[in-house]
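Structure first, then comments.
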Amino acid sequence: MSVAVQSTVSKAPLPLPTYFSLAEQSFSLKKRRHPFTSSSGSNSSCSFPAELSHSLPPLTPTKGCLSLSRVFAQHESPWTPLSSSLTISPSPNSVYDPSKHLSYFNQCFTNLGLVGRGCFGEVYKVQSKIDGRLYAVKRSAHRFRGKNERDRSVREARNHERICPHSHILDFVAAWEEAGRLYIQTELCSTSLLLHAENKAPGTDEPAAWAYLCDLLSALEHLHSHGFVHLDLKPANVLITDSGRLKLGDFGLLMELNDLNTESPYLKAKEDFQEGDPRYMAPELLRGEYGPASDVFSLGVSILELACNIEVPNGGEGWQQLRQGHLPSEFTNGLSAELQSVLRMMLAPKPTQRPSASELLSLPSVRKHRWKRRCCLMFAEAMLTLASLCQSVVYFGCRLLSPFNLPFLPRWTAPRPCTPPRDSWEGDLTLSLTTVHSDPCSPQDDSVVFADTDPELSPAFSRRVTSRLSLESTSTPLSGSPVHKHGSHVSTPTHSAIGDWSCHLGLTPSSTHSANKSQLHGERRGSPSSTKSTRLCGRNWILAGDTSPRSSLEPKNLLSLFEEITAE
Ligand SMILES: Nc1ncnc2c1ncn2[C@@H]1O[C@H](COP(=O)(O)OP(=O)(O)OP(=O)(O)O)[C@@H](O)[C@H]1O
């Protein structure tokens, strides 16, 4: 059989995508990446591969001359709203005062820290000062160095805004430009599907793969039915909410199907269709053809990768074979015949042979799994809402009872802020003139963000990375189905507290998840506890080496407190 395969493959090799470099020739077991390097791995548009970005020494700060972006003042744009959500409504709802020497971001949000980084942007968890909710804000990694770079970022924001809301599409909130950078505000998720998959134990995970397939087919069906194609579908561009729901994001390459007939302002050349990640790229894109079937192919490759827990090749024989309709049997043999047959349909070499997203959703095998998936999500989301309610009731109950000094109630102290002591982007605009080092991809850039949060962390970059790792792991779920392993609701102000509560309710059995959260808070405040390790003891958090009684009321120990009272 392998002889037959080889002869077919060698007959008609496909042309390689223009941006192929450092091609990985065959399928291999999944590698773990550094969470704060580019999430897209070998995305061709990045200047260097993710693996290299953290092995190279950090760039030394430039002392001699100002970077080009600082010399040419045209990049120093004032705050400019880009989304209709900011231009139509009475935009910053009185929180923003343009006469103040503070950026829109700093006036309207509290920055709670870095949650991820891609080739083009850094993503921060923030709390809105307007509605108190938690959001993610993606800021371009550096000031625009030219029109093309700006166009690419603005296109992503405008594309995202054009999509009608859907339960499996990342919610867009707003976009604006300030000081030569683009900011996109979206709903906050836990992590990306890529990072989630990399934290899994090796081996196949078919139930999870069916769940991912159902969610992403729904997202594609929605996009395609509204006349759009994503053209960059891959696990790095999919996010997971705390309930485990998948959300398709990153609409930088989104195309409207009508754009073929009309004059598209952005994509014209054949090479423009090859901007996506070659590992997931449909073969017809190399000929400059695109359509909904290209997304179905990319989804097929993503599901193959996630189901078998493998790295898919970005070039060579393995890449060619996959585009000739040959699945890597050494990995797919462990999958059920049902899933293999769905994958075969999605990975058909000719776009006309591939079923559409809605046809796939109506297959009996998919319908069966979709029904189960809906039930799981409903349950997970109901539990999160319940946990949120319980938490609020207990919180307000304790606050009401605290004046009575009841012996079973812990002494009330104001909740400790979970924000860094200094707004990390404070002086974002003024810094542009005073800070000399400005390389977007170098770690020093983050010293602006994390400076003075912990004196121990400042001198050594490696420790700062540790800090960021713990930050990242607060939002990265552990192995297993995400449905049962996330803790908190995404967009309520009580996000982290709910997470701890749902941990008690069995939704988040990840001790490291919350442990890191605890560590994170310690590190951010620069308290002595930041260097102590945390461990889980029964239902209470103990700081190893910390023998002092916990005086503050924390949601983590409220449940055990109430259990003790009931027992008495
Ligand atoms: N809404 C969000 N909520 C939580 N985390 C997010 C969110 N958006 C992005 N992230 C995190 O930030 C990382 C980088 O984001 P993203 O991939 O959008 O950046 P990018 O520069 O566009 O990346 P790419 O290199 O794929 O173009 C993601 O992998 C994810 O871990």
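Worth knowing before you read on, the calculation uses all heavy atoms, side chains too, and leaves out hydrogens, waters and symmetry mates. Just so you know, ligand 1 is whichever comes first in the structure, and atom 1 is the first atom listed for that ligand. Everything numeric in this text was worked out from a predicted model, so none of it was measured.
- Neither the backbone nor the side chain of Lys125 has any atom closer than 4.0 Å to an atom of ligand 1 (non-hydrogen atoms only).
- Note: Trp176 and Tyr104 have perpendicular aromatic rings, judged against thresholds of 30 and 60 degrees for the angle between ring planes.
- Of the N and O atoms on the side chains of Asn106 and Ser103, at least one donor lies less than 3.5 Å from an acceptor on the other residue.
- Contact atoms of ligand 1 toward Ala136: 1 (N), 2 (C), 3 (N) (distance under 4.0 Å to a heavy atom of the residue).
- In terms of polar-atom proximity, defined here as any N/O pair under 3.5 Å, Thr186 does make such a contact with ligand 1.
- Residue contact check: Asn237 has heavy atoms under 4.0 Å from atoms 26 (O) of ligand 1.
- Proximity of a side-chain donor or acceptor of Ser83 to a complementary backbone N or O of Ala174 within less than 3.5 Å is not detected.
- Close approach to Cys119 involves these atoms of ligand 1, each under 4.0 Å from a residue heavy atom: 21 (O), 23 (O), 24 (P), 25 (O).
- Within the structure, the closest approach of Glu122 to ligand 1 does not fall below 4.0 Å when heavy atoms are considered.
- If you check the side chains of Asp131 and Ser128, you find a donor sitting under 3.5 Å from an acceptor.
- Considering all non-hydrogen atoms of both residues, Leu257 and Pro292 come closest at CD2-CD, 3.9 Å.
- For ligand 1, the atoms closer than 4.0 angstrom to any heavy atom of Phe120 are 21 (O), 27 (O).
- Here Cys189 has heavy atoms under 4.0 Å from ligand 1 in both its backbone and its side chain.
- Taking the ring axis of Phe120 as reference, the NZ or CZ atom of Arg152 stays within 45° of it and closer than 6.0 Å to the ring centre.
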